[in-house]
Amino acid sequence: MGLRWQDWPESVLARLRQGCAIPAHPLALNARRELDPLRQRALSRYYLAAGAGGLAVGVHTTQFAIRQVRLFETVLSLAAEAAAERDEAPILIAGAIGRTEQAVREARIARGLGYHAVLLSLAAWKGASEDEIIAHCQAVAAEMPVFGFYLQPAVGGVPLPLTFWRRFAAIENVVAIKMAPFDRYATLDVLRGVLEAGAQDRIALYTGNDDHIVADLLTPFALAGAEKPLRILGGLLGHWSVWTKAAVDLHARCRGADATPELLALDAQVTEMNAAVFDVAHNFHGVIAGCHEILRRQGLLDGIWCLDPDEGLSPGQAALLTAVAERYPHLTDDAFVRANLNTWLS
């Protein structure tokens, strides 16, 4: 028997549906590009101490190549161990990729480690029919609850129409959707699909649109046919893997709030910071290294090493990271990290 969302602890389900900040978890490596378990665990402790409602592990920010070097289960285990230290259980989400056999296998590993859901990447399904992709999603959902994922095509995502999202939302074990197409039209397709499937009360809507984080959280999507506006109440974001305490505070201010000039002004500020971290100027080449560089400066990581030696900061990216941190210190959390770093590394 697979895991159903009805099997979750009530507090976990409530946290997901109320909306929370979920960072996409990076990978801590040493200079030999081997796992650094101490710092990997410290990252999890940092996110949870900062108030994150959950952890997403084995996702793009963790580096998909962990599967090739046989670290998938180890990395998931370390995060689960850190989560077990907390009095209140966070939401544990594991990335699942590939075709059906691989994704089902990864879902079973995650379920065995106490994870609550899988964030299901569909990047391996380019060129497949809608029927084939839906059958794949149903097979994974038979194993455990699914967190849908609309990834932007610029970094490998598959364009998915409204008809797909209507059918996907009708799968009973789908509990949430991360919208990250970086496209307002595509984001609306997801929302319309959820509404037309009658799944707006079951499926929690989370932003992954790093270029519009604040706007997504503030917008009441008053779509025709909806009894009340749909709201995006949380975020599952690689951007929130850095300066996480500030991100949690930002989310708390924006969740379900009315848009004010002060809050709307934050949208551009957060997006400008994201442009530096995600290396938009170089088509996202330094996205993972950018996250690592912030964490390195704070002492959480020893270096910015990635599994792929060709991944690193782009020219000018380090200076841009310094500049945005100086421009918007209220969106950073360096003091919080300094005060707690030794505890997390113990």
Are a donor atom and an acceptor atom from the side chains of [X] and [Y] found within less than 3.5 Å of each other?
X      : Y      : answer
His136 : Thr100 : yes
His285 : Asp279 : no
Arg297 : Thr322 : yes
Gln269 : His330 : yes
Asn209 : Asp216 : yes
Asp334 : Gln298 : yes

How are the rings of His25 and Tyr47 set relative to one another: parallel (under 30°), tilted (30 to 60°) or perpendicular (over 60°)?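 Perpendicular, since the angle between the ring planes exceeds 60°.
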Taking Arg166 for its side chain and Val194 for its backbone only, find out whether a donor-acceptor pair lies under 3.5 Å.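 Looks like no, no N/O pair under 3.5 Å.
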Any donor and acceptor pair, going by atom type alone, linking the side chain of Thr271 with main-chain N or O of Ala268 inside 3.5 Å?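 Checked: no pair found.
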If you take all heavy atoms of Leu43 and Ala28, which pair is closest and at what distance?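 Between these two residues, the closest heavy atoms are CD1-CB, 4.4 Å.
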For Trp165 against Asp189, the heavy-atom pair lying closest together: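 Heavy atoms only, the tightest pair is CB-O, 4.0 Å.
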Checking Phe278 now: which residues fulfil ring pair (Phe, Tyr, Trp, His ring centres under 6.0 Å) with it, not counting sequence neighbours?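 With sequence neighbours excluded, Phe278 shows a ring pair (Phe, Tyr, Trp, His ring centres under 6.0 Å) to no residue whatsoever.
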Working note: Leu35 + Leu78, criterion side-chain contact (heavy atoms from CB on, under 4.5 Å); need CA distance, chi angles, decisive distance, verdict. CA-CA 11 Å; Leu35 178 67; Leu78 287 170; 3.9 Å; yes
Run the ring-ring contact (aromatic ring centres under 6.0 Å, His included) check on Phe336 and Trp344 step by step: do they pass? CA-CA 12 Å; Phe336 172 72; Trp344 301 329; 5.5 Å; yes
Considering only heavy atoms from C-beta outward, does the side chain of Asp36 approach that of Gln40 to under 4.5 Å?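 A side-chain contact under 4.5 Å is absent here.
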Please identify which of these residues, Arg105, Arg111, Arg4, meets the salt bridge (Lys or Arg N to Asp or Glu O under 4.0 Å) condition with Glu143.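 Of the listed residues Arg105, Arg111, Arg4, the salt bridge (Lys or Arg N to Asp or Glu O under 4.0 Å) partner of Glu143 is Arg111.
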